[in-house]
Amino acid sequence: MNPSSSTTGGAGSDDNTSIRRNSNRPKYSRFTQQELPACKPILTPKWVISVFLLVGIVFIPIGVVSLLASRDVVEIVDRYDSVCVPLNSTDDKIGFITNSSIDKTCVRTLTVPKRMKQPIYVYYQLENYYQNHRRYVKSRSDQQLKSASKRDATGSCDPEDRVNGLPIVPCGLIAWSLFNDTYNFTVNNNQLLNVNKNGIAWKSDIDHKFGKDVFPLNFQTGPLIGGGQLKNESLDKQEDLIVWMRTAALPTFRKLYGKIEVDLEAGDTIKVTLLNNYNTYSFDGKKKLVLSTTSWIGGKNDFLGIAYLTVGGLCFFLAMAFTVVYLVKPRQLGDPTYLSWNRNPGGN
């Protein structure tokens, strides 16, 4: 035997072993090669038409029911920021709203279009107000809100963190800009409508985010007053603050002000005496008062019903179109036995 041949053969064998050892090819298995038993449906025209038809049959009734439920909601919306400015101040709205010596009382009259069953939810709606701004959202201290022992935890509250070297509780821009317009209601010029402001905040926020031992301290005592004042009671009882501190994701939003717990009849006249205190004029914002009932889908929102009707109608139209095409010009289907996974199910 030729030694050189033996040596060459040994080197080739080592190279082959090295190639196999360094290869990234996985070990063969039916799992890695996706050869496990699986449902591989063949989308025949009958199947496609049936699926589209089923979606249409299911979605269209859901859309109709959702739309009718939304239309049953009675909603009164009144924008008051522009009309609650005196005629001599229309050219200087910012000067009007920032002048504390001017009376901000405004009276609005609303008419109930349809019978409104209790509870009637009272909202204030703000537009062009970006509560989702990064600096605004971060300007708060959850530790301080939760525990009195963390009163000095104001590091994230800049610029409303301290006044005269003392911590502000609650600190931050969100609390500082608390909404402070107020509303009082009477119906038919004589009956006072009480607004229940209990139970308007999320229970999880009251129980877990605002401490029972945390009280306001140095709040709105700085040189620049942002919004409303707080009562001298623990923060977990001040639900208007808790509602405000849950920031909105969009620049147009509503927040719950309270609940009216009596029925209102169609044609009733509601007199609203409000204090137009909150400054939205400096950023071209809008303020609206909203009175609304609810249904099983919540407040008035036609989008859900329209979305179901649109998808259902589109699927029903496609089912009909495919049916016509299938009947007028049918196409012969291929033989599924020629498919690769049927001809060679083992993958070998």
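Keep in mind that this is a model prediction, so the values were computed, not measured.
Y129 has its ring centre less than 6.0 Å from the ring centre of W244.
With hydrophobic clusters built from ILVMFWY side chains whose heavy atoms lie under 4.5 angstrom apart, V311 does not share a cluster with L53. Placement of V51 and V48 in two distinct hydrophobic clusters is found when ILVMFWY residues are connected by side-chain heavy-atom separations under 4.5 Å, directly or transitively.
Residues T182 and Y257 bring no donor and acceptor atom of their side chains to less than 3.5 Å of each other. Judged by distance alone, the side chains of N276 and K287 do bring a donor and an acceptor atom under 3.5 Å apart.
Within the model, atoms CZ of R162 and CD1 of I168 stand 9.5 Å from one another, a figure rounded to the nearest 0.5 Å. Distance CG/D268 to CE/M116: 10.5 Å, rounded to 0.5 Å. Rounding to the nearest 0.5 angstrom, the gap separating the CG atom in L145 from the OG atom in S141 is 6.5 Å.
With respect to L235, the side-chain contact (heavy atoms from CB on, under 4.5 Å) criterion is satisfied by exactly one of E239, Q238, K231: Q238.
Under the side-chain hydrogen bond (donor to acceptor under 3.5 Å, both in side chains) criterion, S29 pairs with T32, sequence neighbours left out. Not counting sequence neighbours, F31 has no partner by the ring pair (Phe, Tyr, Trp, His ring centres under 6.0 Å) test. Evaluation of the ring pair (Phe, Tyr, Trp, His ring centres under 6.0 Å) rule for Y130 yields no partner, not counting sequence neighbours.
Residue-environment remark: CG (N232) stays at or below the threshold of 12 foreign heavy atoms within 6.0 Å. Within 6.0 Å of the CZ atom in F283, the count of heavy atoms belonging to other residues, nucleotides or ligands exceeds 12. In K286, the NZ atom is not crowded: 12 or fewer heavy atoms of neighbouring residues, nucleotides or ligands sit closer than 6.0 Å. The neighbour count for F316 CZ, taken as heavy atoms of other residues, nucleotides or ligands under 6.0 Å away, does not exceed 12.
Applying the salt bridge (Lys or Arg N to Asp or Glu O under 4.0 Å) definition to pairs two or more places apart or across chains, none involves residues 83-99. Sorted by first then second residue, the ring pair (Phe, Tyr, Trp, His ring centres under 6.0 Å) pairs that include residues 149-180, not counting sequence neighbours, are Y124-F179, F179-Y278. Among residue pairs with one or both ends in residues 292-319, those qualifying as salt bridge (Lys or Arg N to Asp or Glu O under 4.0 Å) are R71-D302; sequence neighbours excluded.
For K255 against A248, the heavy-atom pair with the smallest separation is NZ-N, 4.2 Å. Pairing each heavy atom of Q118 with each of I260, the nearest pair is CB-O, 4.1 Å.
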- Message: Let's go through K209 and D142 carefully: what are the C-alpha distance in whole Å and the side-chain angles of both, what is the deciding distance for salt bridge (charged side-chain N to carboxylate O under 4.0 Å, His left out) to 0.1 Å, and is it a yes or a no?
- Response: CA-CA 7 Å; K209 291 187 176 182; D142 290 323; over 6 Å; no

- Full working for side chain to side chain contact (heavy atoms under 4.5 Å, CB included) between T269 and V187: CA-CA 6 Å; T269 301; V187 61; over 6 Å; no

- Task: Under the salt bridge (charged side-chain N to carboxylate O under 4.0 Å, His left out) rule, what do D81 and R79 come out as? Steps first, then yes or no, please.
- Result: CA-CA 6 Å; D81 60 282; R79 180 184 174 185; 2.8 Å; yes

- Item | Check against salt bridge (charged side-chain N to carboxylate O under 4.0 Å, His left out), D78 and K288 | CA-CA 5 Å; D78 179 57; K288 296 179 181 179; over 6 Å; no

- Query: L264 and I270: side chain to side chain contact (heavy atoms under 4.5 Å, CB included), yes or no, with the steps?
  - Reply: CA-CA 9 Å; L264 296 177; I270 303 174; 3.6 Å; yes

- R254 and E75: salt bridge (charged side-chain N to carboxylate O under 4.0 Å, His left out), yes or no, with the steps? CA-CA 13 Å; R254 293 178 180 179; E75 188 174 270; 3.0 Å; yes

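Taking the side chain as every heavy atom from C-beta outward, S282 and I97 never approach each other to under 4.5 Å. Counting only heavy atoms from C-beta outward, the side chains of T280 and L126 approach each other to under 4.5 Å. In this structure the side chain of P119 reaches within 4.5 angstrom of the side chain of Y121, judged on heavy atoms. Using a 4.5 Å cut-off on side-chain heavy atoms (C-beta onward), V262 and L193 make contact. The shortest side-chain heavy-atom distance between P170 and R140 does not fall under the 4.5 Å cut-off.
F96 carries K104 over the face of its six-membered ring, with the cationic atom under 6.0 Å from the centre and within 45° of the normal.
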